[in-house]
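What follows is a set of notes on a single structure, which appears directly below.
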Amino acid sequence: VQLVESGGGLVQAGESLTLSCRASGFRFAGYALAWFRQAPGKEREAVSCITSDDLSTHYADSVENRFTIARDNHDQTWTLQMDALKPEDTATYYCAASLYDSNCRARPIQFMPSDYWGQGIQVTVSS
């Protein structure tokens, strides 16, 4: 199993960035997919999640109406479109996959260490 993030980098406040995660080694279509982030000195937090049936998406309050999650089962990828970025969005972003849609619907979104995780990619937003 492998999850590989791409698309991170350094941007200015107000700009946009799109993160992508490409998965391999498991039955992608049956998994809920998510993005988490961890800023220095803070705990990892859930950013967004999309269920396996592609019918339900969920966002942290801090990114609602600015970020958009999407999945492509054919390419086995999912993306996080991040608009109107703020300095407080600076963090290492992780993609994750879980066999349980219930983890995606939980409040807050709950993925387990036993779920599949990417290595993380840095996003830095300058003011």
Side-chain angles (χ1 to χ4, degrees):
V1 172
Q2 192 171 24
L3 279 62
V4 180
E5 300 100 340
S6 62
L10 171 64
V11 296
Q12 293 188 334
E15 293 184 341
S16 298
L17 204 60
T18 301
L19 301 182
S20 295
C21 187
R22 180 172 297 275
S24 61
F26 62 98
R27 187 177 170 273
F28 182 86
Y31 280 70
L33 308 171
W35 290 94
F36 288 74
R37 68 185 181 186
Q38 187 168 18
K42 296 186 177 181
E43 293 188 354
R44 186 163 57 188
E45 63 173 347
V47 175
S48 182
C49 189
I50 185 167
T51 53
S52 62
D53 58 10
D54 202 8
L55 294 180
S56 184
T57 57
H58 308 279
Y59 298 93
D61 290 343
S62 59
V63 306
E64 185 83 50
N65 298 317
R66 296 191 299 122
F67 290 11
T68 304
I69 191 171
R71 65 187 294 157
D72 185 333
N73 287 351
H74 178 73
D75 288 342
Q76 297 201 159
T77 59
W78 62 109
T79 58
L80 186 69
Q81 172 69 36
M82 305 184 292
D83 297 322
L85 282 161
K86 304 176 181 180
E88 51 263 43
D89 294 318
T90 295
T92 300
Y93 284 71
Y94 299 87
C95 60
S98 174
L99 193 55
Y100 305 103
D101 280 340
S102 57
N103 290 345
C104 188
R105 297 191 179 98
R107 293 294 173 268
I109 298 165
Q110 291 283 353
F111 275 42
M112 300 297 109
S114 55
D115 290 320
Y116 300 142
W117 293 85
Q119 291 299 307
I121 192 165
Q122 181 65 36
V123 172
T124 303
V125 185
S126 63
S127 58

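For this chain, numbers begin at 1 and follow the sequence in order.
- Between Trp78 and Ala96, the closest heavy-atom pair is CZ2-O, 3.5 Å.
- A distance of 9.0 Å separates CD1 in Ile121 from SG in Cys95, rounded to the nearest 0.5 Å.
- Following chains of ILVMFWY side-chain contacts shorter than 4.5 Å, one cannot reach Leu55 starting from Tyr100, and the two form parts of different hydrophobic clusters.
- Side-chain contact check for Phe67 versus Leu85: some heavy-atom pair is nearer than 4.5 Å.
- Residues Arg107 and Cys104 share a closest heavy-atom pair of NH1-O, 3.4 Å.
- Between the CZ atom of Arg22 and the CD atom of Gln76 there is a distance of 8.5 Å, given to the nearest 0.5 Å.
- Rounding to the nearest 0.5 Å places CD1 of Ile109 at 10.0 Å from CG of Asn103.
- Asp115 and Ser98 get closest at one heavy-atom pair: OD1-OG, 3.3 Å.
- Nearest heavy atoms, Ile50 versus Ala70: CD1-CA, 4.3 Å.
- Residues Thr77 and Ser20 are not in side-chain contact: their nearest non-hydrogen atoms beyond the backbone lie 4.5 Å or more apart.
- You'll find the side chain of Val63 stays beyond 4.5 Å of the side chain of Met82, heavy atoms only.
- A 6.0 Å sphere centred on CG of Asp53 holds more than 12 heavy atoms belonging to other residues, nucleotides or ligands.
- Note that NZ of Lys86 and OG of Ser127 are 14.0 Å apart. Values are rounded to the nearest 0.5 Å.
- Of the residues Trp35, Tyr93, Tyr94, the one that meets the side-chain contact (heavy atoms from CB on, under 4.5 Å) test with Cys21 is Trp35.
- With no hydrogens or angles considered, a side-chain donor-acceptor pair links Ser52 and Asp101 at under 3.5 Å.
- In this structure, a donor-acceptor pair under 3.5 Å is present between the side chains of Gln81 and Thr18.
- Side-chain contact check for Trp117 versus Arg44: some heavy-atom pair is nearer than 4.5 Å.
- In the hydrophobic clustering of this structure, Phe111 does not group with Val47; members are Ile, Leu, Val, Met, Phe, Trp, Tyr whose side-chain heavy atoms approach within less than 4.5 Å, directly or through other members.
- Remark: side-chain polar atoms of Ser56 are not paired, donor with acceptor, to backbone N or O of Thr51 under 3.5 angstrom.
- At a threshold of 4.5 Å between non-hydrogen side-chain atoms, the residues Gln2 and Val4 count as touching.
- The minimum heavy-atom distance between Ala84 and Ser16, with the atom names listed, is N-OG, 4.3 Å.
- Within the model, atoms OG1 of Thr57 and CD of Glu64 stand 8.0 Å from one another, a figure rounded to the nearest 0.5 Å.
- Residues Leu19 and Glu5 are not in side-chain contact: their nearest non-hydrogen atoms beyond the backbone lie 4.5 Å or more apart.
- For CD of Gln119, the number of neighbouring non-hydrogen atoms (other residues, nucleotides, ligands) closer than 6.0 Å is 12 at most.
- For Arg27, the CZ atom counts as loosely surrounded, since its 6.0 Å shell holds 12 or fewer non-hydrogen atoms of other residues, nucleotides or ligands.
- Within the 3.5 Å criterion, the main-chain N or O of His58 finds no donor-acceptor partner in the side chain of Arg105.
- Ser48 places no side-chain N or O within 3.5 Å of a backbone atom of Tyr59 that could act as its donor or acceptor partner.
- Follow the hydrophobic side-chain contacts under 4.5 Å out from Phe36 and you never reach Val123; the two are in separate clusters.
- Thr124 and Gln122 get closest at one heavy-atom pair: OG1-NE2, 3.3 Å.
- In this structure, CG on Asp54 lies 7.0 Å from CG on Asn73, to the nearest 0.5 angstrom.
- Residues Phe28 and Leu33 form a side-chain contact, since some pair of their non-hydrogen atoms from C-beta on lies under 4.5 Å apart.
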